[in-house]
**Student:** 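I'd like to ask you about the structure that follows.
Convention: sequence-line order gives letters A, B, ...; per-chain numbering from 1. Note that the coordinates shown come from a computational prediction; the quantities given were computed from them, not determined experimentally.
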Amino acid sequence: MTLPSYKDSMVSVDCQVLDVDYVLLQEKPVVRIFGKTRDSQTVCAFYDQFSPFFYVDREDAIEMLKEEPQVQSVQKIKRKLVMGYQQERAVWKVTLQNPAKTPEVRQRVLDAGFKVYEADILFKYRYMSDHGVKGMDWVRIEGGTTNTNTVRSKIMLSAKSVEPIVCYDDVPLRVLSFDIECVATKEGTVPEAKYDPVVMISLVFSEPFQGSDSLVLATRPGAGVHPCADEKELLEEFNRFINEYDPDIITGFNINNFDLPYVFERMAKCGVRAVFGRCTTKQALSKKIGITYRNSVTGRVIADVFQLVKKDFMLKRYSLNAVSEDLLGEQKEDVKHSEIGKYYRGDAAQFEKLASYCRKDSLLALDLLLKKKLLDKYIALSKVSGILLQDSLSGGETTRIENFLLREFNRKGFIFPLKPQDKTIGNRESRQRKELGGGFVIEPVRELHSNVAVLDFKSMYPSIILSYNICPTTLIIGDEKIEGALKPPGTANFVPPEVRKGIIPGILKTLLDDRGKVKKKLRKIQDDNLYRVLYAKQWALKIMANAFYGYLGYARAVIYNLDIANAITASGRESIKFTAKTVQEKYGLPVVYGDTDSVFVKMKDEDFDKIEQKATEICTDINTQLPGVMELEFEKIFKRFLPLAKKRYAAWKFEHTEDGWKESIETKGIETVRRDWCPLVGEVVAEVLEILLKEQDIKKAVTYVKGIVIDLNEGRIPINKLIVTKTMTKAGKSYKGIQPHVELVKKMEARSPGEAPGVGDRIPYVIVRGSQLVSHRAEDPVYIQEHGLPVDATYYIENQMLPPLERIFDVLGVDRMELLGNGRQMGLLDILKKNKKPQGPREIPAAEFNGFMCKKCSAFFEQVPLSGACTCGGALLFSSPKGPGEVLVR
DNA sequence: TAATGGTAGGGGAGGAAAAAGTCTACATAT
DNA sequence: TAGTGATATGTAGACTTATTCCTCCCCTAC
C-alpha cells in the first residue's frame, strides 16, 4: 500500500460507519473507517494520528519499558480504578507503536510483577472508543481527498478529524445473497471441500445489478446461466461479481458454517485469492472455532440468515424450507440434496431445474433478511453500544456491554482492568454457583381464580441499581464509614450519589430516559422507515438496560462483582416479599402467585375499571414505601387465572388499551408454548384451556379430549401432528444418558453418513410401536412414511396427551377416573387397557405382512438381509404396517 | 488461532436404589 | 403318651417386580 497523499482540497463528508480496521504503514498503524454517505456513496477514511497504549501501576516499570523497542513514550497521569470507591491515583500511560505487538509487551510487563490496565482492547475499538465513533452511527469526516488502489471505495479521505454527529435515519444497505452447490465426486457420498468442487453459485441482488436481480454461475453452460470454463474461473468470477456489485451486506442461509468455509477452501485449492472485501489486499478470513466458523470480510458485513432466524424466532425447525414456510409462506424448490449431482450431470431440463433451485435458495434468504427486517435490531444495538455491526451480529451481550462501559468509564476518568484469566474465571464460577441467588417465586395457589390483578415492577433490576446508586465505583471497601451510605440487603454498601454518582446508574438513567423519549416520538411518526429505526432503537435501549445485571454476575466479565450482583437480586426479593405482604395484610387481598418482579392479586371487584382503580391505588401506596425510584404498576387483569405450578399458568387476560379492554388467552410455561411437545398436544391443550377459561365447561372439555384420544387410537391423526422436536445441544457421544433425539441421530448417521443432523440442529422424531425403550423407538418421520412403520398410539395417549391434561384437570378437581372413565361410549380406560394388549406376541396375518423389523433397533427391511440379522446384529421379526409380530426370523 | 449475560423451576426419560411382593425352603403348631 | 403324617401357619432368604428418588437434559419465566 502506498501512503495516501493529500491533495489540496479539504472536504467534509458525513457517513454511517460500516466497518473499521487498521493497517500498518511503515510500522505505524493507520485506522481505516469504511462508511456510506447519505446518497449511498462508499467512503473510506484513513486516520494515522493514533497509537496503541495501556496503563501500568508503578513508576519503577519505566526501567524495563525503556528496553522495549515498541515503547514510544511513558507518561504519568491520574486515573481512578473501577472496583471500589477510591480516589484518583497515579498510573503510567505506555504508548506503543504496533498494535499487534501489544500482547507481547503486556506479557513481559505482567511477568515482571506489575499491574496492567486496558492492554487487551482491540485496536479498532481502542480508536473508536477514544474518538466517540460507534458502529452504524454517523460521523463527520474532515480531511483531504486521497487515492489508493488498496481499497475499493468511491470516496477516499486522509482524515484530519472524525467526529460523531447526531442523525437518526439509516442509509439503505446494498445486499448480496448467495448460495453454492457442490457435487461429490464419489457417487452416494456427501460433498467435502477437501475433494469435491463447487459447480454452481447463485447471486441475488437487493438492488438491480447490470439490469438483473440475480445471476447464476456454473461450470457448465445452460439456459440463463453464466458459464465458466472450470471451478477456478467460477471462483474468480464470484470474486469479480461481488466486487463489481459492491454490497454492504453479504447474506445467505447457513453461509457462515457451510458456503463460506467451503468456498474459501476451494479457493485455496484452486489458487484463487479470496479478495471480495473493500480492501484489495486483505483476504477474507475464516476462523474455525470448535465446530463453527467465524468469517469476516473487510468493509462488508456478513449476515447469516440461518443464525439470525435461530436467534430471533422461536420455531420448531430451522431448515431453510421450514423457516421460509413459517415466516414467508413459501417453499424451497424440490430438489433433494442427494440428487444434486444427478441434476447437474443430467439433461438440459434437469440442469435448468438445478439452477433455478440454487437461485431460489439465495432469493429466500434475501427475502427473509429484508421482509423480516432481520438487521434492524442489530443496527440499533450497534448504535447504542458502539460495536461494529459485524460484531453485533456474531457476538454476544458481553461484547456490547463491555464496549459501552469502556467508553463511559474512560470518559469519567476510570481505567479498566484486564479480562479475567481462566483460573480467575474458574474461582468465580465455583463461588457463584453457591452464592448468587436469583428471583423469588411465590408459591401459586393452585385453583381456578377469577378477577386477578397483575402488578409488576417497572424495569426492576435497573431501578434497584438506580435507587441504591449501585456501581463498582461506589462500592464501599472494607469497613470504611461513609456518611449516608446506601445499604441494600446483603453485604455490599454504596456511597450516596452526593459523594459520587455511580457510572452504571448514570448510564441506566440515560438509557431509560432516552427510551421514554423515543417511545414518545414513535407515537407521532408516520414515515415507515423512520418508525422502524426508532422502534428498533427503543428495543435496543431496553435490551441494553436489562443486560447490566446479568453482566455483573457473569464470571467472564471484566467488571464482575458477586456482592454487587447479590445486592441487586436480594433487593428484588425483598421488594416482592414486602409487596405481597402489604397487599395481603394491609388490604386483605390474597396474593395467588408472583415471580421475580410481579404479584398476582385476587381482587374483590368484578368490574375491570374498578379493579384497575383499586390496583393502581395499591401501587401508589406501596410506591411511597419502596426504596428510591422503584415503581410498582398495574399491568393487566386476568378474568380467569389457572396456575398449574411455578412458572406455569394459563389465563384469560384483559389489557387496557386506547380502544378499551382487549382480551386474549395467555399461557406461560405450559405445553402450548413449549417446543418439545408434538403439535397435537399444543393444539389440544390450547383448546381445552380456551373452553375451561372462557366457558368453564369441564364436561365439554372432557368430551373434546375423549374425541381426540379416540381419533389418535384409531390412527386418524396425521403424522405431522405427532412430530416431537428437540435440540441436539452437543455431540452424540458426550451425552451421558439415552435420549430419543440423540439415538435417532445415531441411527440416521448409520444409514447415510454425512446427511444426518448435527450439533445445534433441532431433531424431529415420532415414536413408533415396539417394546424397547422409548428412546430407541424414536424415528425419522420421513423414514416412517417411506417404510410404513406403525406409530405408537399408546405412547402418544399416555405420555404426550394425558400428562399435560391431567395436570390441568387436576387443579380443577377432576381426577383421572373422571377424565378417562366411562362415558356413553367406551371409556378411555378401556381403550387404554385394550391398547396395552398388543405388546405381547402377535401373529401377523399373511395378508398384512409387509416386511421385517429388527427387534433391537426397529430398523425395517423389505427383505431379510443376507446375514439373516439386522445390520445392528439384532434379530428380525415378521412385521406388518400395524407393527412387528413376535415370531423371530431364523 | 474461541467465545460464551444471570437464576429459578417444571417435567420427561433413564437408571439406581430402596421398597414391596412373590416364591421357596424350612420350622413349627395343630 | 410318643411318634407320625397332613395341613396350616410363620419366617428367613432369594428372587422378582413395582415405586421412589436422583440425575441429566431441554426448555421456559423473569
**Student:** Using a 4.0 Å heavy-atom cut-off, does A:Thr292 contact any base of the nucleic acid, only the sugar-phosphate backbone, or nothing at all?
**Tutor:**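 The residue A:Thr292 makes no contact with any strand.
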**Student:** Answer yes or no: does a side-chain N or O of A:Thr596 lie under 4.0 Å from OP1 or OP2 of B:dT7?
**Tutor:**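 Checking A:Thr596 against B:dT7: no side-chain N or O falls below 4.0 Å of OP1 or OP2.
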**Student:** Under 4.0 Å between a side-chain N or O of A:Gln800 and OP1 or OP2 of B:dG12?
**Tutor:**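 For B:dG12, neither OP1 nor OP2 has a side-chain N or O of A:Gln800 closer than 4.0 Å.
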**Student:** Does A:Leu773 reach a base, just sugar-phosphate, or nothing at all? Heavy atoms under 4.0 Å.
**Tutor:**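 Answer is sugar-phosphate: A:Leu773 comes under 4.0 Å of backbone atoms only.
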**Student:** Under 4.0 Å between a side-chain N/O of A:Arg807 and OP1 or OP2 of B:dG11, yes or no?
**Tutor:**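 For B:dG11, OP1 or OP2 has a side-chain N or O of A:Arg807 closer than 4.0 Å.
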**Student:** Do any side-chain nitrogens or oxygens of A:Thr398 fall under 4.0 Å of OP1 or OP2 in B:dG5?
**Tutor:**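 A:Thr398 to B:dG5 OP1/OP2: side-chain N or O found under 4.0 Å.
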**Student:** With a 4.0 Å limit, can you tell me whether A:Tyr649 has a side-chain N or O closer than that to the phosphate oxygens OP1/OP2 of B:dG10?
**Tutor:**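 For B:dG10, neither OP1 nor OP2 has a side-chain N or O of A:Tyr649 closer than 4.0 Å.
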**Student:** By nearest atom, which of the nucleotides B:dA13, C:dC25, B:dG11 is closest to the A:Lys730 side chain?
**Tutor:**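 The answer is C:dC25, which lies nearest to the side chain.
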**Student:** Ring-plane angle category for A:His741 and A:Tyr735, please: parallel below 30°, perpendicular beyond 60°, tilted otherwise.
**Tutor:**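 The rings of A:His741 and A:Tyr735 stand perpendicular, inter-plane angle above 60°.
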**Student:** Nearest whole angstrom, please: distance from the C1' of B:dG12 to the CH2 of A:Trp677.
**Tutor:**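 These atoms are roughly 7 Å apart.
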**Student:** Check whether any side-chain N or O of A:Lys647 sits under 4.0 Å from OP1 or OP2 of B:dG9, and answer yes or no.
**Tutor:**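 A:Lys647 to B:dG9 OP1/OP2: no side-chain N or O under 4.0 Å.
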**Student:** Find which nucleotide of DNA chain B each of A:Val441 and A:Tyr551 is nearest to by heavy atoms, and output the residue with the more 5' nucleotide.
**Tutor:**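 Final value for this comparison: A:Tyr551.
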**Student:** Let me know the distance between CD of A:Gln739 and P of B:dG11, rounded to the nearest Å.
**Tutor:**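 After rounding, the reported distance stands at 18 Å.
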**Student:** Which one, C:dC30, B:dG10, B:dG6, comes nearest to the side chain of A:Tyr554?
**Tutor:**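 Among the listed nucleotides, the one closest to the side chain of A:Tyr554 is B:dG6.
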